[in-house]
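See structure below.
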Amino acid sequence: MGTESTSSSAHAAIRAAIRAVPPGRVSSYGAIAARAGLRGRARLVGRVLREGDSPALPWHRVLHSDGRLAAPPGTALAREQMRRLAAEGVPVRKGRVAREYFIDGDDLDVLLWRG
DNA sequence: AGGATGACGGGAG
DNA sequence: ACTCCCGCCATCC
C-alpha cells in the first residue's frame, strides 16, 4: 500500500465528522477534530481537506472557529466556498458566517448536529 | 537531521 | 476588531 502516513483511521474519522455536518450548517476545524476524537489537531483536519480525495466531502461547511472562511478572500477557493454556502442558505457577511449557523459548542456529542 | 510551512486555535496586547 | 505569538503536528525542502 502505498506510503501510509498518519493513521488512516484518523483521516477516516475526520471525514466522517465532516460528512456529519448537514446542509445549511457549518462547523470549525477544531470542532471537527474534536468530534473525530482528535482534539487539538485542527490542522490535521485542514490537511485531510486539502487532500480532497473524497468527492462527497462537504469541505465548504468547514470554517475557522471565528466564522471566517477557510481560504483567504479573493481566492478561487474562497469564492467557491461562499457560492456553495449561499446555495445552502448560509449567508456570508464580510467573509464570515454568523455563530448561529455553527454546530459546535462545548460538547459536540450533546449537540448531535441537529437543527 | 533541522528548519520552514500550513484549508487551525486561543490567548494576549 | 486587529496584530502578534505560541502550541500542535504531518509534510516539505
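Lettering follows sequence order; numbering is per chain, from 1.
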Phosphate contact (B:dC8 OP1 or OP2) by A:Ser65 side-chain N/O below 4.0 Å: no

Would A:His60 and A:Glu88 count as a side-chain hydrogen bond (donor to acceptor under 3.5 Å, both in side chains) if you check the C-alpha gap in whole Å, the side-chain angles of each, and the deciding distance to 0.1 Å? CA-CA 10 Å; A:His60 59 286; A:Glu88 294 183 355; 2.9 Å; yes

When all nucleic acid strands are considered with a 4.0 Å heavy-atom cut-off, which category describes A:Ala42: base, sugar-phosphate, or nothing? sugar-phosphate

Rounded to whole Å, the CZ-C1' distance (A:Arg43 to B:dG9) equals 9 Å

Over how many whole Å does the gap from A:Arg41 atom CZ to C:dA10 atom P extend? 8 Å

Can you tell me how far P of B:dC8 sits from CZ of A:Arg47, to the nearest Å? 9 Å

Within the 4.0 Å heavy-atom criterion, would you say A:Arg96 contacts the bases, only the backbone, or no part of the nucleic acid? sugar-phosphate

Using only side-chain N and O atoms of A:His64, determine if any of them is under 4.0 Å from OP1 or OP2 of B:dA7. no

Specify the separation, in whole Å, of atom CD1 of A:Ile14 and atom P of C:dC9. 13 Å

Check every strand shown and say whether A:Leu77 touches a base, only sugar-phosphate, or nothing at a heavy-atom separation below 4.0 Å. base

Taking only side-chain N and O atoms of A:Ser28, does any of them lie within less than 4.0 angstrom of OP1 or OP2 on B:dC8? no

Can you tell me which nucleotide in C:dA10, B:dA7, C:dC9 comes closest to the side chain of A:Leu44? C:dA10

